[in-house]
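In what follows, a structure is listed as structure tokens, so that the remarks can point back to it.
Note on naming: letters A, B, ... go to the chains in the order of the sequence lines (proteins, then strands), and numbering restarts at 1 for each one.
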Number of protein chains: 2
Amino acid sequence: MTEIEKTLDNKSVRPTAMRILIYKFMAGKQNAVALTDIENAFEKAERTTLYRTLKTFEEKGIVHQIDDGTNISKFALCEPGCNCEIDQDLHLHFHCSQCDKTVCLTEHKIPHINLPAGYIAEDANLVIKGICDSCSDH
Amino acid sequence: MTEIEKTLDNKSVRPTAMRILIYKFMAGKQNAVALTDIENAFEKAERTTLYRTLKTFEEKGIVHQIDDGTNISKFALCEPGCNCEIDQDLHLHFHCSQCDKTVCLTEHKIPHINLPAGYIAEDANLVIKGICDSCSDH
DNA sequence: AGAGATCGTGCAACAGAAGTGCATTTAATG
DNA sequence: CATTAAATGCACTTCTGTTGCACGATCTCT
Ligand SMILES: [Mn+2]
Ligand SMILES: [Mn+2]
Ligand SMILES: [Zn+2]
Ligand SMILES: [Zn+2]
């Protein structure tokens, strides 16, 4: 049993061939991926399968969905120990307007925000747009 | 010349009948609206016209686009004196998971975020999800 | 190992939002 | 009024997300 198989198994997700492939693909990327990205990465990939795989992964806390403002859902693997299902890992995300890549900044948590009376916060999403470190010649 | 006509004129937008209607509609709402919301509000409304009107409004700084995480673009009138075109009015937005409405919290600015080396921030989007004041029985 | 249940995958089709091209109408300007 | 530019309406396309259903694979339990 490989590491990936163990990881999926731990999260009660049956490690099928396709799921392992998708997991590997995402693990090899530094940035968040869209459904279409995965679709294009594999010649023989069924959009529906990918869609449902990502949904399963998300429900089981293997990936988290990211809304980077492009109106296209992105996904990224959760860090080990991430508890984003229960909103305990609200890190921010960065979307580069040049290379169009979205990355997790897992070390940067979303600061606590005081809301007006009557408002109850349950989740938060903070996306910074700009130029990423790869695109800025630093 | 009405107030609305003056407002549009000040922003170099010709105050046509449709534009005035759309402006009035948005001004009467407390929450941000989607293209479809406007479409449904008027029996005789052409989606394309609304689409391009909102785009014009946005370019001229009359409305700002909001990404609330639903993957449906919302729009809200800019406050008087708002300079969101040049990213000077980065207030946060609240999306209610119960009534599905998105509102501007114009008094609550997005806090400054320190980014890793190489990252250059140009824009920011902070959306809090939860229960709004109307839906919570406060 | 075999029967039955459950889960995953593939195919087709649909819904909704966003966007474009072009013809026509409307408004501004002299 | 004639000319020109801007706004609108209509048709059509693309893309993402989503669901239904049938088939195949896998697990369980005897
Ligand atoms: Mn992330
Ligand atoms: Mn706003
Ligand atoms: Zn970049
Ligand atoms: Zn509400």
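When rounded to the nearest whole Å, the span between CE of M18(B) and P of dC10(D) equals 12 Å. Taking atom NZ of K74(A) as the reference point, atom C1' of dG17(D) lies 15 Å away to the nearest angstrom. A straight line from CD of E59(A) to P of dT18(D) spans 12 Å, rounded to a whole angstrom. K55(A) has its NZ atom 17 Å from the P atom of dT16(D), to the nearest Å. Rounded to a whole Å, the CZ atom of R19(A) is 16 Å from the P atom of dA25(D). In this structure, I66(A) atom CD1 and dG17(D) atom C1' are separated by 17 Å, rounded to whole Å. Note: NZ (K60(A)) to P (dC7(C)) measures 9 Å, nearest angstrom. Atom pair L54(A):CG and dT18(D):C1' shows a separation of 14 Å (rounding to whole Å applied).
Minimum heavy-atom separation, S136(A) to I131(A): N-CG2, 3.5 Å.
Inter-residue side-chain proximity for Y23(B) and V63(B) is flagged as unmet; no heavy-atom pair is nearer than 4.5 Å. Between S97(A) and E122(B) the shortest side-chain heavy-atom distance falls below 4.5 Å.
Listed nucleotides: dT20(C), dC11(C), dT26(D). Nearest to the side chain of R14(A): dT26(D).
Contacts between residues 20-50 of chain A and DNA chain C, defined by a heavy-atom separation under 4.0 Å, are made by E46(A), T48(A), T49(A).
Put simply, the side chain of K129(B) gets close to the backbone of D68(B): a donor and an acceptor are under 3.5 Å apart. Within the 3.5 Å criterion, the main-chain N or O of R14(A) finds a donor-acceptor partner in the side chain of R19(A).
For dG9(D), the base has a donor-acceptor partner in the side chain of R52(B) [N/O atoms by modelled type, under 3.5 angstrom].
Results of the side-chain hydrogen bond (donor to acceptor under 3.5 Å, both in side chains) test with H95(A) over D67(A), D100(A), N31(A) single out D100(A) as the only residue that passes.
Counting any heavy atom pair closer than 4.0 Å across all strands shown, S73(A) reaches sugar-phosphate atoms only and no base atom.
Rounding to the nearest 0.5 Å places CD1 of I128(A) at 9.5 Å from NE2 of H108(A).
Between dG19(C) and Y51(B), a contact under 4.0 Å exists linking OP1 or OP2 to a side-chain N or O. T16(A) has a side-chain polar atom (N or O) that falls below the 4.0 Å cut-off from OP1 or OP2 of dT9(C).
Remark on DNA chain C: of its neighbouring residues I72(B) and P15(B), the 5'-side contact belongs to I72(B), judged by nearest-heavy-atom nucleotide.
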